[in-house]
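Have a look at this one before I ask anything.
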Amino acid sequence: MVEVVLPDGSSKSLSEGATGADLAASIGPRLAKAALAVRVNGHLVDLSTPLATGSQVEIVTPNSVDGLDVLRHSTAHVMAQAVLRLWPGAKYAIGPTITDGFYYDFELPGNDRFSDADLERVEAEMRAIVAEDQPFVRQEHSLDEGLAIFADQPFKSEIIKAVGESASEEDLREVGYGGIVSTYRNTENFTDLCRGPHVPSTSRLGHFKLMRVAGAYWRGDEKRPQLQRIYGTAWDTKEALEQHLYRLEEAERRDHRKLGQELDLFSFPSELGPGLAVFHPKGGTLRRLMEEYSRQRHVEGGYEFVTSPHITKAELFETSGHLQWFADGMYPPMELDEGQRYYLKPMNCPFHVLIFKARQRSYRELPLRLFEFGTVYRYEKSGVVHGLTRVRGMTQDDSHIFCTREQMNDELASLLAFVLDLLREFGLNDFYLELSTRPPGKAVGSDEEWNEAEATLESVARAAGLELVLDAGGGAFYGPKISVQARDAIGRTHQMSTIQLDFQQPKRFDATYIGPDNQRHQPIMIHRALFGSVERFIAILIEHYAGALPTWLSPEQVRVLSVRDDHDAYAYDVAASLRSDGLRVVVEPATEPLGSRIRKAKLEKIPYVLVVGDDDVTSGTIGVNARGGNDPERGVSVESFRERMRQEIASHSRPED
RNA sequence: GCCUGGGUAGCUCAGUCGGUAGAGCAACGCACUCGUAAUGCGUAGGUCAGGAGUUCGAAUCUCCUCUCAGGCUCCA
């Protein structure tokens, strides 16, 4: 007899040699059908694994993250088998699961490439494999046996050899723990290296779709061969798959590049080159509104406004260390004035250090908070530019705070509160924090400094009471950082503000202040961008709101439509009256049918459409058609609409709220 | 930078076997005068991303460059 403990604490007795599958069957037929794997004492294993007495066990179904993971990993194996059937002699590399899906990397014979049409062929072959109801049979081997099995598979062999030496978590996932090589065999002709577990049979799979082909470097190293990768998604039910595909469509519908064009906000003229945007009048208005609000808040927050030029002699970035670390990411220098090299600035911080250093500073001036909308240029590699989120020219809402070591903790805490509050005003309210620590191999400064900086940031982050995740090794060369991550309206996360601690720049520039002890001291420098870049923040806002911006940020807040052209004069009067309140109002006179003009205004996502006709001219009212509603109000007084707008704008809310 | 796939009117797209350019929307003009998501008619709009080649003839075939998308790598 075997006795196991279930998640609810109860125990279950099974006959000797019973497996996870037997356990599931003993609990109920529905669970037996849903079971994909079993968790034994915290480890995921196959359903076919015999259970040991006293084990803590849990049947894994597709309702859990683990269950979907098993499903997707098994689907990846099926895809590999399909590719090997269609391209005999193909080499297969790794096929892990990722969020919502999986991928698998291959090297095709003759350096052949997958085409989009091949995806359909592979998918058809996968469905055949599913229909064949092939079992996943686990086998364990020694390293030498493993090498023999995969003798003609160089990528698999490399992984097995790596396990003998220094195994990474990724490799162990592919192979297995404890010096054994585990494989899963589907047929005599297809065996894959894998730690497992897998579903019992390919028939358990089926709700998948191959999404796209892409190139990917072997082991992510651009110096190694580029493999052909196929991405797929897989789910337990048809409905879940369809929902996932719908979410992708929704993300596409919100794409800021598409909305930016449709709403006439900005464009990327090819004459300018990749990653260089121009903002049209409406996009320019949005930018101005964001910047004005940000400036006002920074004034209230005790910041001082500075500006700095766009180009500088090389010396500045030599001193700061940027040329040493990031020359690749900077535009090449211009030679001026007999060999002087000038660079476009990729960062604002060294300029702010110079402003700090412009005269003798006293501890009484600290914390000194310098703020600038600073436009920087970074030479992003050609393949990485992406809409407004990854550009070559951008404006940072950058500030650098100089303070004493004693002030550092309080300053960081109030800074974090300031940042979160401002983001909430823009309508983002679901946050978590990420702590990025010392980057191995490219950090400057002593261990003590790094440890202190990391500990300080961590305590401030913890005190903020938000979820905190660790991004080990993700810091900049000069210091660790906290970044605020925000979830948007469709659950995607975006890195927003970053707060970085920096002991290095003040030292490199020999920036000092005179303390109460009449001695020179080095200030701490805190780097902080709130929007990150104005461009990127605009992109995130557009996607978050699907283009339907809150009224205070809408370039055009109100459009006034006359029913007939003899109402035009009244429409202009209403508009003038609202403009005197500072509203952004446009009149569209009656040259086209009303329905057509309403449709146009709706497509432009204007918060309020006002319609004025005979009744309104007579009684001095307006018809109000709010965005997001489908029951326009008639006979509204201009004064009550005015009040509604005042409140909505002051509260930064939207007509649909 | 690398891989895969694109680039035809302002936008979205069609264009067969290589035979010389098309639609809808938008713009402009005229008519229509209308109460909540598309009024009608007309006009104009193109070095088919750019360059070179093959050909009697290229949007179409070949090569190079630019540029966009999806990935990889990178992201101070």
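When reading the values below, keep in mind they use all heavy atoms of this one structure, side chains included, and skip hydrogens, waters and symmetry mates. Protein chains get the first letters and strands the later ones, always in sequence-line order, with residue 1 at the start of each.
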| Base B/G35 paired with A/D616 side chain (donor-acceptor, <3.5 Å) |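 Check passes, donor-acceptor contact within cut-off.
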
| message | With hydrogens left out and only the distance checked, is there a donor-acceptor pair under 3.5 Å joining A/Y379's side chain and the base of B/G1? | response |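 Under the 3.5 Å cut-off, the side chain and the base do not form any donor-acceptor pair.
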
| task | Ignoring hydrogens and angles, answer whether the base of B/U73 and the side-chain atoms of A/K381 contain a donor-acceptor pair closer than 3.5 Å. | result |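 Between B/U73 and A/K381, which were checked side chain against base, a qualifying N/O pair under 3.5 Å is present.
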
| What's the NZ-P distance between A/K481 and B/A76, to the nearest Å? |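 Taking atom P of B/A76 as the reference, NZ of A/K481 is at 5 Å.
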
| request: Check whether any side-chain nitrogen or oxygen of A/S596 sits under 4.0 Å from OP1 or OP2 of B/U39, and answer yes or no. | output: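 Yes, because at least one side-chain N or O of A/S596 sits under 4.0 Å from OP1 or OP2 of B/U39.
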
| message | With a 4.0 Å cutoff (strictly under), does any side-chain N or O of A/Y103 reach OP1 or OP2 of B/C72? | response |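 So the side-chain polar atoms of A/Y103 never come under 4.0 Å of the phosphate oxygens OP1 or OP2 of B/C72.
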
| request: Look at the side chain of A/I598 and decide which nucleotide, out of B/G35, B/A76, B/A37, has an atom nearest to it. | output: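 Comparing B/G35, B/A76, B/A37 against the side chain of A/I598, the answer is B/A37.
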
| Taking the side chain from A/R528 and the backbone from A/D398, do they hold a donor-acceptor pair closer than 3.5 Å? |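 No.
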
| Among B/G70, B/C3, B/U36, which nucleotide sits nearest the side chain of A/Q228? |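 In terms of side-chain proximity for A/Q228, the closest of B/G70, B/C3, B/U36 is B/C3.
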
| message | In this structure, how many angstroms lie between the P atom of B/C34 and the CG atom of A/D614, rounded? | response |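 Interatomic distance, CG of A/D614 to P of B/C34: 9 Å.
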
| query | Rounded to the Å, how far apart are A/H256 NE2 and B/A69 C1'? | reply |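 In whole Å, B/A69 C1' lies 13 Å from A/H256 NE2.
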
| said: What's the closest nucleotide to the side chain of A/H386 if the choices are B/A76, B/G70, B/U4? | reply: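 In terms of side-chain proximity for A/H386, the closest of B/A76, B/G70, B/U4 is B/G70.
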
| Is there a side-chain contact between A/K345 and A/M330 (heavy atoms, below 4.5 Å)? |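 No, side chains not in contact.
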
| message | Holding to side chain to side chain contact (heavy atoms under 4.5 Å, CB included), I want the full list of residues that pass it with A/D566, two or more places apart in sequence or in another chain. | response |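 Only A/R564 meet the side chain to side chain contact (heavy atoms under 4.5 Å, CB included) criterion with A/D566.
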
Do any N or O atoms of the protein come closer than 3.5 Å to N or O atoms of nucleotides 27-29 of chain B, and which pairs are they?
none

| So does A/E315 have more than 12 non-hydrogen atoms from other groups sitting under 6.0 Å from CD? |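 No, because the 6.0 Å sphere around CD of A/E315 holds 12 heavy atoms or fewer from other groups.
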
| Once the angle between the rings of A/F266 and A/F279 is folded into 0 to 90°, is it parallel (under 30°), tilted (30 to 60°) or perpendicular (over 60°)? |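 Ring orientation, 0 to 90° scale: tilted.
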
| Roughly how many Å is it from CZ in A/F326 to C1' in B/C75, rounded to a whole number? |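 Rounding to the nearest Å, CZ of A/F326 and C1' of B/C75 are 8 Å apart.
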
| P atoms of B/C68 and B/C28, separation to the nearest Å |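 Result for the P pair: 30 Å, nearest Å.
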
| Between B/U8 and B/G1 - C1' atom distance, rounded Å |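 That atom pair is separated by 30 Å.
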
| said: Using a heavy-atom cut-off of 4.0 Å across all strands, would you classify A/D615 as base, sugar-phosphate, or nothing? | reply: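 Base, at least one base atom sits under 4.0 Å.
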
| field | Complementary nucleotide of B/C32, counting Watson-Crick and G-U pairs under 3.5 Å | value |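 Its partner: none found.
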
| request: Would you state whether a donor and an acceptor, one from the side chain of A/R597 and one from the base of B/C34, lie under 3.5 Å apart? | output: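 Not at all, since no donor on one side and acceptor on the other fall under 3.5 Å apart.
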
| query | Quick one: which of B/A76, B/C68, B/A37 gets closest to the side chain of A/R378? | reply |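 Nearest to the side-chain atoms of A/R378, counting from C-beta on, is B/A76.
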
| request: Pick base, sugar-phosphate or nothing for A/F268, based on heavy-atom distances below 4.0 Å to the nucleic acid. | output: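 No contact.
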
| Plane angle bin for A/Y478 and A/H527 - parallel if under 30°, tilted between 30 and 60°, otherwise perpendicular |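 Ring orientation, 0 to 90° scale: parallel.
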
| query | Looking at B/A37, B/C72, B/C34, which one has an atom nearest to any side-chain atom of A/R599? | reply |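 Of B/A37, B/C72, B/C34, B/A37 is nearest to the side chain of A/R599.
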
| field | Between B/A27 and B/U20 - C1' atom distance, rounded Å | value |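 Nearest-Å result for B/U20 against B/A27 at atom C1': 28 Å.
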
| message | Could you check whether any side-chain N or O of A/S436 sits under 3.5 Å from a backbone N or O of A/G475, counting only pairs where one atom can act as donor and the other as acceptor? | response |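 No.
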
| query | Taking the same atom, C1', in B/C17 and in B/A58, what whole-Å distance lies between them? | reply |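 One C1' to the other, the span is 14 Å.
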
| Are A/L423 and A/L530 close enough that some pair of their side-chain heavy atoms sits under 4.5 Å apart? |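 Sidechains of A/L530 and A/L423: in contact.
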
| query | Taking the same atom, C1', in B/G29 and in B/A37, what whole-Å distance lies between them? | reply |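 Taking atom C1' in both B/G29 and B/A37, they lie 26 Å apart.
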
| P spacing across the pair B/G22 / B/U65, given as an integer number of angstrom |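 So the two P atoms sit 33 Å from each other.
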
| field | Rounded distance in Å between the P positions of B/U47 and B/U4 | value |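 Nearest-Å result for B/U47 against B/U4 at atom P: 31 Å.
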
| query | Taking only side-chain nitrogens and oxygens of A/R392, does any of them come within less than 4.0 Å of OP1 or OP2 of B/C75? | reply |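 False: A/R392 side-chain N/O out of range (4.0 Å or more) of B/C75 OP1/OP2.
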
| query | Partner of B/G22 by Watson-Crick or G-U wobble geometry, both contacts under 3.5 Å, or none? | reply |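 Paired with B/C13.
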
| said: When the P atoms of B/G5 and B/G45 are compared, how many Å lie between them, rounded to an integer? | reply: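 Pairwise P distance, B/G45 against B/G5, rounds to 37 Å.
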
| field | Between C1' of B/G71 and CD of A/E380, the distance in whole Å | value |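 Value for this atom pair: 17 Å.
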
| Nearest to the side chain of A/R390 - B/G1, B/G35, B/C74? |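 So the nucleotide nearest the side chain must be B/C74.
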
| Of the listed nucleotides B/C72, B/G35, B/A76, the one nearest the side chain of A/R229 |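 The nucleotide sitting nearest to the side chain is B/C72.
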
| So which nucleotide does B/U60 pair with, by the Watson-Crick or G-U wobble rule with both distances under 3.5 Å? |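 B/U60 is unpaired by these criteria.
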
| Length of the CG-P vector between A/L388 and B/C75, whole Å |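 Computing the A/L388:CG to B/C75:P distance gives 22 Å.
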
| request: Starting from P on B/A76, measure out to CZ on A/R528 and report it in whole angstrom. | output: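 Distance, rounded to whole Å: 17 Å.
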
| request: Could you check whether A/G383 gets within reach of a base, just the sugar-phosphate, or nothing at all, counting any heavy atom under 4.0 Å? | output: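 Touches a base.
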
| query | NA contact type, A/G595, heavy-atom cut-off 4.0 Å: base, sugar-phosphate, or nothing? | reply |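 Sugar-phosphate contact only.
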
| request: Assign A/A590 to base, sugar-phosphate, or nothing according to its heavy-atom contacts below 4.0 angstrom with the strands shown. | output: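 Base contact - A/A590 has a heavy atom under 4.0 Å of at least one base atom.
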
| message | Which nucleotide wins on minimum distance to the side chain of A/P346, given the candidates B/A76, B/C2, B/U36? | response |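 For A/P346, the side-chain atoms sit closest to B/A76.
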
| said: Between A/Q261 and A/R212, which residue's closest nucleotide on RNA chain B lies nearer the 5′ terminus? | reply: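 Closer to the 5' end of RNA chain B: A/Q261.
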
| query | Once you round it to whole Å, what is the distance between C1' of B/U36 and CZ of A/R559? | reply |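 Checked: the CZ to C1' distance equals 14 Å.
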
| request: Select one nucleotide: of B/C3, B/A76, B/A37, the one nearest the side-chain heavy atoms of A/Q500. | output: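 Closest nucleotide among those given: B/A76.
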
| Selection from B/G71, B/U36, B/A37 that lies nearest to any side-chain heavy atom of A/L603 |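 Selected nucleotide (nearest to the side chain): B/A37.
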
| Quick one: are A/T97 and A/Y103 in side-chain contact, heavy atoms under 4.5 Å? |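 When only atoms from C-beta onward are counted, A/Y103 and A/T97 do not touch, as no gap falls below 4.5 Å.
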
| task | Answer whether the closest heavy-atom distance between the side chains of A/R654 and A/R627 falls below 4.5 Å. | result |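 Side-chain contact under 4.5 Å: yes.
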
| A/G329 or A/I622: which one's nearest nucleotide on RNA chain B is closer to the 5' end? |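 Nearest nucleotide further toward 5': that of A/I622.
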
| Got A/M79 and A/L210 here, is their nearest side-chain heavy-atom distance under 4.5 Å? |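 Of all side-chain heavy-atom pairs linking A/L210 with A/M79, at least one is under 4.5 Å.
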
| Within the structure shown, what part of the strands sits under 4.0 Å from A/S382 by heavy-atom distance: base, sugar-phosphate, or nothing? |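 Since a base atom lies under 4.0 Å of A/S382, the category is base.
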
| Contact class for A/F477 vs. all strands (heavy atom < 4.0 Å): base, sugar-phosphate, or nothing? |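 Since no nucleic acid heavy atom lies under 4.0 Å of A/F477, the category is nothing.
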
| request: Could you check if a side-chain atom of A/L610 sits within less than 4.5 angstrom of a side-chain atom of A/F641, using non-hydrogen atoms only? | output: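 The answer is yes, as the side chains (C-beta and beyond) meet within the 4.5 Å cut-off.
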
